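Quantities reported herein were computed from a predicted structural model and do not represent experimental measurements.
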Amino acid sequence: MIQLFVGLSLYGVSLALMLRANLGLDPWDVFHQGLSHRLGWSIGTVVNVIGALVLLLWWPLRQRPGLGTVLNVFVIGTAVDVTLKLLPEAHSMTERILLLPCGVALNAVATAAYIGARFGAGPRDGLMTGLVRRTGGSVRVIRTGIELCVLAIGWLLGGSVGIGTVAYALLIGPLVQVLLPILTVPEPRPALHDATAP
């Protein structure tokens with residue numbers, strides 16, 4: 001539970017670092033930022049609301065949410081808004097360039113931590129796996145399709161696309177692959193049957 005909550009919170013912090021870098025976001029957060037600009041809501045509120053709406057799409061896909069799925073909807077966006085209030089704007093390019101790799105690296109740690117806690121996928125990942133299961137399509141094609149759609153819509157809404165978007169796309173998979181085995185909580189061992197018990 002502690003790892004789950006810390007992982008989700010750090011995910012929000014990592015998004016705030018990338019927002020302060022202002023060099024481009026990952027596809028879903030380009031979408032969240034674009035909606036935030038158009039609706040006048042904080043980006044954290046948008047992250048939480050979109051998470052809840054995406055979770056509703058699990059119903060026709062017959063996906064079952066876990067505790068981590070539900071907490072994802074509430075914790076990440078809240079952590080983004082709190083961090084943005086505490087973290088000042090980056091004024092120089094040097095500051096922005098330093099913030100970007102920190103944000104991407106922390107995002108990878110956070111992703112591996114909350115997935116490795118074994119409390120269920122996030123709403124957006126569950127949408128992908130549900131579509132894969134229902135359609136028989138490949139993970140690569142469906143994930144790429146979803147992310148290209150939200151990226152395009154987010155960009156049209158005014159979300160930030162840039163070198164950070166490319167860096168995230170290239171680095172997040174390999175980083176999570178390395179970190180996930182380290183941060184995955186072992187399966188609990190079944191209790192041994194006491195042969196002396198009646």
Side-chain angles (χ1 to χ4, degrees), residues 4 7-8 10-12 14-15 18 24-36 38-39 41 43-77 79-80 104 107-161 164-181 183-185 187:
L4 171 65
L8 292 173
L10 289 180
Y11 196 103
S14 73
L15 172 53
M18 290 187 284
L25 302 168
D26 66 277
W28 274 103
D29 291 322
V30 172
F31 177 61
H32 297 143
Q33 187 185 45
L35 274 180
S36 172
R38 294 302 176 111
L39 296 174
W41 297 355
I43 190 166
T45 300
V46 172
V47 169
N48 287 346
V49 169
I50 294 299
L53 293 175
V54 170
L55 189 54
L56 292 177
L57 297 176
W58 284 35
W59 182 261
L61 297 173
R62 297 181 183 174
Q63 291 280 92
R64 293 182 180 177
L67 177 62
T69 313
V70 177
L71 286 178
N72 185 299
V73 171
F74 296 101
V75 175
I76 293 178
V80 174
V104 173
N107 189 276
V109 172
T111 300
Y114 90 74
I115 292 174
R118 299 181 183 270
F119 280 100
R124 296 154 190 82
D125 289 331
L127 174 64
M128 174 199 67
T129 56
L131 286 170
V132 168
R133 188 168 54 82
R134 295 287 286 176
T135 65
S138 75
V139 171
R140 180 176 58 188
V141 169
I142 288 177
R143 175 153 194 156
T144 302
I146 291 171
E147 296 208 348
L148 285 176
C149 285
V150 295
L151 177 63
I153 294 168
W155 179 70
L156 290 171
L157 291 172
S160 175
V161 178
T165 310
V166 176
Y168 188 93
L170 293 175
L171 295 173
I172 197 67
L175 287 172
V176 171
Q177 184 174 351
V178 169
L179 293 166
L180 193 55
L183 294 173
T184 297
V185 175
E187 289 278 10

**Student:** Examine distances only and state if a side-chain atom of Arg133 and a backbone atom of Arg62 form a donor-acceptor pair shorter than 3.5 Å.
**Tutor:**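 At least one qualifying donor-acceptor pair exists.
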**Student:** Between Ser160 and Gly24 (side chain of the first, backbone of the second, donor and acceptor by atom type, cut-off under 3.5 Å), is there such a pair?
**Tutor:**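 Yes.
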**Student:** Considering only heavy atoms from C-beta outward, does the side chain of Val141 approach that of Ser138 to under 4.5 Å?
**Tutor:**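 They are in side-chain contact.
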**Student:** Would you name the heavy atoms of Ile142 and Met128 that are closest together and state the gap between them?
**Tutor:**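 Where Ile142 meets Met128 most closely, the heavy atoms are CG2-O, 4.1 Å.
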**Student:** Would you confirm whether Thr165, through its side chain, and Asp26, through its main-chain N or O, come within 3.5 Å as a donor-acceptor pair?
**Tutor:** no
**Student:** Measure from the side-chain N and O atoms of Thr45 to the backbone N and O of Trp41, and report whether any donor-acceptor pair falls under 3.5 Å.
**Tutor:**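 Checked: no pair found.
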**Student:** Would you check if the side chain of Arg118 reaches a backbone N or O of Val185 as a donor-acceptor pair within less than 3.5 Å?
**Tutor:** yes
**Student:** Looking only at heavy atoms, which two atoms of Ile76 and Asn48 are closest? And how far apart?
**Tutor:**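 Looks like C-OD1, 4.2 Å.
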**Student:** Which pair of non-hydrogen atoms, one from Val30 and one from Trp155, has the smallest distance, and what is that distance?
**Tutor:**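 Minimum heavy-atom separation between Val30 and Trp155: CG1-N, 3.6 Å.
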**Student:** What is the minimum heavy-atom distance between Gly51 and Pro123, and which atoms define it?
**Tutor:** O-CB, 3.5 Å
**Student:** Could you tell me which non-hydrogen atom of Asn72 sits nearest to which non-hydrogen atom of Gly122, and how far apart they are?
**Tutor:**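 For Asn72 versus Gly122, the nearest heavy atoms are ND2-CA, 3.6 Å.
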**Student:** Are the side chains of Tyr114 and Leu10 in contact, using a 4.5 Å heavy-atom criterion?
**Tutor:** no
**Student:** Please report the closest heavy-atom contact between Leu183 and Val109, naming both atoms and the distance.
**Tutor:** CD1-O, 3.7 Å
**Student:** Would you tell me whether Asp29 and Tyr168 have side-chain atoms, one donor and one acceptor, within less than 3.5 Å of each other?
**Tutor:**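 Judged by distance alone, the side chains do not pair up.
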**Student:** Is a donor on one side and an acceptor on the other found under 3.5 Å between the side chain of Thr135 and the backbone of Leu131?
**Tutor:** yes
**Student:** Is the backbone N or O of Gly126 less than 3.5 Å from a side-chain atom of Gln63, with the two atoms forming a donor-acceptor pair by type?
**Tutor:**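 Indeed, once roles are kept as given, a pair shorter than 3.5 Å links the two residues.
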